[in-house]
Amino acid sequence: MITFKNVFKEYGNGVMALSNINLTVPRGDFVFLVGSSGAGKSTLVKLLIREESVTRGNIYIHNQDITKLTKTQVPRLRRNISVVFQDFRLLAKRNVYENVVFPLEVQGHSRAYNKEHVEHALELVGLKDKAKSYPSELSGGEGQRVSIARAIVNHAPYLVCDEPTGNLDEHTAMEIMAALENINKAGTTIIMATHAINIVNTMQKRVITLKGGKIESDVERGSYYEMV
Ligand SMILES: Nc1ncnc2c1ncn2[C@@H]1O[C@H](COP(=O)(O)OP(=O)(O)OP(=O)(O)O)[C@@H](O)[C@H]1O
């Protein structure tokens with residue numbers, strides 16, 4: 001479970017990006033985070049992965065207050081919560097397998113363990129046959145699916161996605177969503193910030209709408225209707 005308790009985020013320039021956010025995301029949920037540009041979606045994502053720190057309030061992941069983590073403890077947080085960005089950030093000189101295995105190599109598992117888990121992750125995103133391809137040989141949608149496989153390969157229980165379909169056409173975006181739905185069904189909790197109205201309407205998941213840094217609505221099986 002993720003819990004935000006009275007969370008405020010004020011940037012150094014005085015912009016109050018988030019005000020008094022109270023929010024609970026149970027294990028297994030699939031949550032869309034929507035709202036117009038500047039509403040605070042990316043800030044909320046950055047607080048969750050501790051790329052930014054709260055000004056006030058608490059964020060709990062599995063009962064651990066992540067606002068209290070020291071800098072050296074932050075990398076360990078990534079074992080519980082992984083992240084996917086709009087720009088896939090793949091390593092150009094590594095093939096698909098080598099990109100996906102990267103987080104496991106850092107943890108020092110055996111080769112056999114790594115192989116099994118990379119293959120499973122690639123299967124969940126439908127890219128098992130592309131293991132030997134290099135990022136330059138992939139379509140945009142494939143590249144993003146590789147970055148998703150890399151994010152889930154260590155079985156973190158939570159996955160945060162910031163505009164994962166942002167640069168992709170509608171058909172490709174729906175392929176990404178199919179991969180994310182697979183991953184959610186396999187047990188990963190997903191929080192996805194997006195502007196993609198069609199995706200939100202099609203998926204019929206929980207929709208949290210931010211406006212001016214506050215939660216405007218929080219609806220089970222929401223749609224675009226709730227966004228405007
Ligand atoms: N590093 C920063 N320093 C100062 N202000 C910032 C910083 N990052 C974001 N902001 C401000 O905080 C507010 C929320 O921004 P944020 O990026 O969270 O919104 P968003 O909903 O993700 O927008 P978009 O959909 O355009 O990505 C905006 O007013 C923005 O200008």
Side-chain angles (χ1 to χ4, degrees), residues 32-33 37 41-52 71-184 186 188-196 199:
F32 286 118
L33 204 55
S37 185
K41 305 180 295 296
S42 292
T43 300
L44 199 148
V45 167
K46 285 176 186 164
L47 293 181
L48 259 178
I49 59 172
R50 272 293 299 268
E51 203 173 301
E52 290 285 351
K71 249 192 183 153
T72 51
Q73 289 172 321
V74 169
R76 245 187 293 156
L77 171 66
R78 298 300 166 88
R79 294 189 184 190
N80 271 328
I81 191 156
S82 289
V83 63
V84 170
F85 296 101
Q86 181 171 346
D87 52 342
F88 333 136
R89 306 185 186 185
L90 298 178
L91 299 166
K93 288 187 177 156
R94 285 178 154 238
N95 68 25
V96 166
Y97 183 96
E98 291 161 347
N99 265 280
V100 177
V101 82
F102 193 66
L104 295 179
E105 281 177 350
V106 175
Q107 291 173 18
H109 296 290
S110 71
R111 250 169 195 249
Y113 177 100
N114 289 354
K115 185 166 183 289
E116 183 189 332
H117 287 81
V118 171
E119 281 176 358
H120 180 63
L122 286 175
E123 197 165 338
L124 275 176
V125 300
L127 280 182
K128 226 176 156 186
D129 57 334
K130 296 274 178 182
K132 294 208 167 93
S133 301
Y134 281 83
S136 60
E137 298 165 338
L138 301 174
S139 69
E142 288 166 346
Q144 186 57 293
R145 282 187 281 154
V146 174
S147 87
I148 292 170
R150 181 182 55 189
I152 62 165
V153 75
N154 63 359
H155 299 283
Y158 299 97
L159 176 65
V160 192
C161 308
D162 198 359
E163 286 283 358
T165 63
N167 288 327
L168 305 170
D169 64 60
E170 183 125 357
H171 175 76
T172 312
M174 289 318 293
E175 284 175 9
I176 299 296
M177 296 317 298
L180 289 176
E181 182 134 54
N182 254 344
I183 289 160
N184 177 242
T188 305
T189 308
I190 297 182
I191 299 173
M192 172 172 156
T194 186
H195 283 287
I199 286 174

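From a predicted model like this one, the values you see are computed outputs, not experimental measurements. For this chain, numbers begin at 1 and follow the sequence in order.
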Chi angles and distances behind the side chain to side chain contact (heavy atoms under 4.5 Å, CB included) call for Met177, Thr165 = CA-CA 8 Å; Met177 296 317 298; Thr165 63; 4.1 Å; yes
Can you list the steps and then say if Ser82 with Ile152 is a side chain to side chain contact (heavy atoms under 4.5 Å, CB included)?
-> CA-CA 7 Å; Ser82 289; Ile152 62 165; over 6 Å; no
Does [X] reach the side chain of [Y], with side-chain heavy atoms less than 4.5 Å apart?
{"X": "Ser147", "Y": "Leu90", "value": "yes"}
{"X": "Glu98", "Y": "Leu91", "value": "no"}
{"X": "Val101", "Y": "Arg94", "value": "yes"}
{"X": "Asp162", "Y": "Gln86", "value": "no"}
{"X": "Val100", "Y": "Val146", "value": "yes"}

Go through the structure and list residues passing side-chain hydrogen bond (donor to acceptor under 3.5 Å, both in side chains) with Arg79, not counting sequence neighbours.
->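 Arg79: no side-chain hydrogen bond (donor to acceptor under 3.5 Å, both in side chains) contacts found.
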Nearest heavy-atom neighbours spanning [X] and [Y]:
{"X": "Thr188", "Y": "Ala156", "result": "CG2-O, 3.9 Å"}
{"X": "Ala151", "Y": "Val83", "result": "CB-O, 3.9 Å"}
{"X": "Leu180", "Y": "Cys161", "result": "CD2-SG, 4.1 Å"}
{"X": "Thr172", "Y": "Gly141", "result": "CG2-CA, 3.1 Å"}
{"X": "His109", "Y": "Asn114", "result": "CB-OD1, 3.3 Å"}
{"X": "Leu138", "Y": "Ser133", "result": "CD2-CB, 3.9 Å"}

Under 3.5 Å, side chain of Arg150 to main-chain N/O of Phe88, donor-acceptor pair present?
-> yes
Are the side chain of Gln144 and the backbone of Pro164 linked by a donor-acceptor contact shorter than 3.5 Å?
->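 A pair under 3.5 Å: yes.
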Within this structure, what is the [atom1]-[atom2] distance for the pair [X] and [Y], rounded to the nearest 0.5 Å?
{"X": "Glu52", "Y": "Leu47", "atom1": "CD", "atom2": "CG", "result": "7.0 Å"}
{"X": "His195", "Y": "Leu33", "atom1": "NE2", "atom2": "CG", "result": "10.5 Å"}
{"X": "Glu142", "Y": "Ile176", "atom1": "CD", "atom2": "CD1", "result": "9.5 Å"}

Qualifying residue for side-chain contact (heavy atoms from CB on, under 4.5 Å) with Val160, from Leu48, Leu44, Val84 =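 Looking at Leu48, Leu44, Val84, the match for Val160 under the side-chain contact (heavy atoms from CB on, under 4.5 Å) is Leu48.
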Asn154/Arg78 under side chain to side chain contact (heavy atoms under 4.5 Å, CB included): CA gap, chis, key distance, verdict | CA-CA 9 Å; Asn154 63 359; Arg78 298 300 166 88; 5.5 Å; no
Are there more than 12 heavy atoms of other residues, nucleotides or ligands under 6.0 Å from atom CZ of Phe102?
-> no
Tyr113/Leu104 under side chain to side chain contact (heavy atoms under 4.5 Å, CB included): CA gap, chis, key distance, verdict = CA-CA 9 Å; Tyr113 177 100; Leu104 295 179; 4.2 Å; yes
Ignoring hydrogens and angles, state whether a donor on the side chain of His120 or Glu116 is under 3.5 Å from an acceptor on the partner side chain.
->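 Side chains of His120 and Glu116: no pair found under 3.5 Å.
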